[in-house]
There are 2 protein chains.
Amino acid sequence: MNNTPTIKDVARLCGVSTQTISRVINQKPDVSPATRERILKIIKETGYQPSALARSLIQQRSFTLGVIIAGLKYEGIAKVLNGITEEANKEGYSLMLEELPNFNAIDVQPVIRSLLSHQVEAIIYAAPEIGDNWRNVRLQYPMSGPRMVFLKGSPYPGISTISVDNHLGGFLAALHLYEQGCRNIAHISGEADWWETEERLKGWKAGLEKVGLPVTSRQIVAGNWSASSGEKAFLTLLENYPEVDGIFAGNDQMALSVLHVANERGIKVPEQLKVMGFDNLAETPYYSPSLTTIRQDLRVLGIMSVKKVIEMINEPDKSSKDALPDTIILKPELIVRESTQAK
Amino acid sequence: MNNTPTIKDVARLCGVSTQTISRVINQKPDVSPATRERILKIIKETGYQPSALARSLIQQRSFTLGVIIAGLKYEGIAKVLNGITEEANKEGYSLMLEELPNFNAIDVQPVIRSLLSHQVEAIIYAAPEIGDNWRNVRLQYPMSGPRMVFLKGSPYPGISTISVDNHLGGFLAALHLYEQGCRNIAHISGEADWWETEERLKGWKAGLEKVGLPVTSRQIVAGNWSASSGEKAFLTLLENYPEVDGIFAGNDQMALSVLHVANERGIKVPEQLKVMGFDNLAETPYYSPSLTTIRQDLRVLGIMSVKKVIEMINEPDKSSKDALPDTIILKPELIVRESTQAK
DNA sequence: CTGAAAGCGCTTACAG
DNA sequence: CTGAAAGCGCTTACAG
């Protein structure tokens, strides 16, 4: 059949041993120029490509990274993955991808085992921290276990994590709304139990407290990241907290729905109500009105995760002085647009 | 060190040969119940996990699929990938992911070779068809080559493709705008040279011709999928084709910008101008006004691609009667919302 | 400069 | 019911 040639075939064709072929494809010395050239020619002719599988097995190095994600149908994680593929490509690593069936997937053990059985050299855990789910994984794989880095969740001693400072994000949001003149500021939070949800909420509360505004339960309505949940939350808010003049939504989708409902009801944004989101989706400048938001650079998060993991692979002893820290926290940034600017 | 145990370790611990272990983990007969039980116990205790690498090598089967994508930072491809991971998971296949550095990446040969060297059993090519780029890949890998299926591009004899009927989508859009009373219908097209762009454009033209409306160059402005390009295109349209009363944008992002600009300029949608997009992003019901669009189910596209590829793996002779065809074309669907409905 | 031997961690006939 | 032998496609010492 159309079997791809092996090192043996090439060796036979060249009339040398397989070791000599190996030396050539691995660019090692101790091959006469003439032999080398002849071998290279045959390799080109036959289209020979060394088996990454066989190589990984004998070298005990796969140059492959495992990536565990969840919720690819929502935005956000795709950007993280984009950063991961970019950096992995650059560094010559391949990627084995596993998507969990849902955010709350309890038993991640099988997917981790599957990745390890493929001998990935490290695992990037990019599924969100919800309740205790990270903790469980962390306990199962202590220091001695596979190399892992956790993305977008809480720092943990002795374990590598890379996250955005969501607390700061919430804080900046509250302060900005206050500065724009809002005195009745509400929050539509993300999905329950997520670390990101909690942090944004806490940061928002801290911001209100700093400027001396009260924080009551009427001001907080739970959403679940979806635009439709944002709509419901805003309607609840209009009932329970009609004096609301500023809303910080946990993400841009929910903020979009607030704009939508406000528009339908003739509530003027930003004149009567100021609205902001979180994420800075590419489309937010084109919302009506354009949306003030907290930017988080998820692509950079992905890039950092690959950098960190490769560092772990290359120097398990952390000797280097300019090594990346175990806990990396990226700063979010306020992006001001029309939806909060008093005209 | 913390080396994971191998089949040899388990065999030694059980006092049997490796073949017997192999029989147990592969659930083959010819092992006494007592031995089997003892072995299972040791496996559990040691946490032994067979090496997928070694297995793939000896069996010449990796149960791994290669996926080539591009543009993960834009929406759309993430949904395709979501469908792919879902179905691959279900069928017990692992995924090796490669993202091209950009849409126009010329030389995909190295990434295909990399995937093949990892012995993927098939490749799902989910990067868009732009100009001749697919053709080049197809020519390099004829029938005899690796199993491949191409996503979101033109059918081609003897090659597996799965696409959405973009021509029909454009056609439906034109007809709908006409039915809603528009007589001066414009199109903001997607990125140049993309197959999808061309098809939507052609379908739109065909629709206008069917209802007897003229198609002039003034009515067509090129965008590049981005919201900002949609803004520019609409401004151009307002200059060159001020009588415009209906716009079909090549995707929802560009349509969003049209709504944005219309809103800024006090152009009433849908009263003065009807607007529609393409894709049906999750947020489109919450645009202001909610957006009429052409829905394409990219997740299903991803699912189908895995089904097709596994079928190719399992029956290379295509004996089965209910086999999937080589050319699969999914139908898009009109979703009517406020942005085109005369109130 | 080149090759014979051993081995990575498995599975597949084949013997007993 | 169980094991000795060979081999998947490579690389790594070691000899010459």
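Sequence lines set the chain letters: A, B, ... in the order given, protein chains first and strands last, and positions in each chain run from 1. Below, all heavy atoms of this structure are taken into account, side chains as well, without hydrogens, waters or symmetry copies.
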Asn133(A) side-chain N/O to Pro128(A) backbone N/O, donor-acceptor pair under 3.5 Å:
yes
How many angstroms lie between atom CG of Leu65(A) and atom CE of Met96(A), to the nearest 0.5 angstrom?
12.0 Å
Could you tell me if Ser117(A) and Ser114(A) have a donor-acceptor pair between their side chains, going purely by distance under 3.5 Å?
no
Please, which pairs that meet ring pair (Phe, Tyr, Trp, His ring centres under 6.0 Å) have at least one residue in residues 16-45 of chain B, sequence neighbours excluded?
none
For DNA chain C, which residues of residues 37-60 of chain A approach it to below 4.0 angstrom with any heavy atom?
Leu57(A), Ile58(A), Gln60(A)
If you assign Gln119(B) and Gln19(B) each to the DNA chain D nucleotide with the nearest heavy atom, which residue ends up on the more 5' nucleotide?
Gln19(B)
Residue pairs passing the side-chain hydrogen bond (donor to acceptor under 3.5 Å, both in side chains) test where at least one lies in residues 37-46 of chain B, sequence neighbours excluded:
none
We want to know whether Glu99(B) and Thr85(A) form a side-chain donor-acceptor pair, criterion being a heavy-atom distance below 3.5 angstrom.
yes
Writing each nucleotide of DNA chain C 5' to 3' as (, ), [, ], | or . by Watson-Crick or G-U pairing under 3.5 Å yields |||.||||||||.|||
Is there any ring pair (Phe, Tyr, Trp, His ring centres under 6.0 Å) pair reaching into residues 22-63 of chain A, and which pairs are they, with sequence neighbours excluded?
Phe63(A)-Tyr93(A)
Is a side-chain donor-acceptor pair under 3.5 Å present for Asn26(A) with Arg55(A)?
yes
Verify the distance criterion only: is there a donor paired with an acceptor across the side chains of Glu129(B) and Ser154(B) at less than 3.5 Å?
yes
First contact, last contact: which nucleotides of DNA chain D are these for chain A, 5' to 3', heavy-atom distance under 4.0 Å?
dC8(D) to dT12(D)
Quickly, which of Trp195(A), Trp134(A), Tyr156(A) forms a ring-ring contact (aromatic ring centres under 6.0 Å, His included) with Phe150(A)? Name it, please.
Trp134(A)
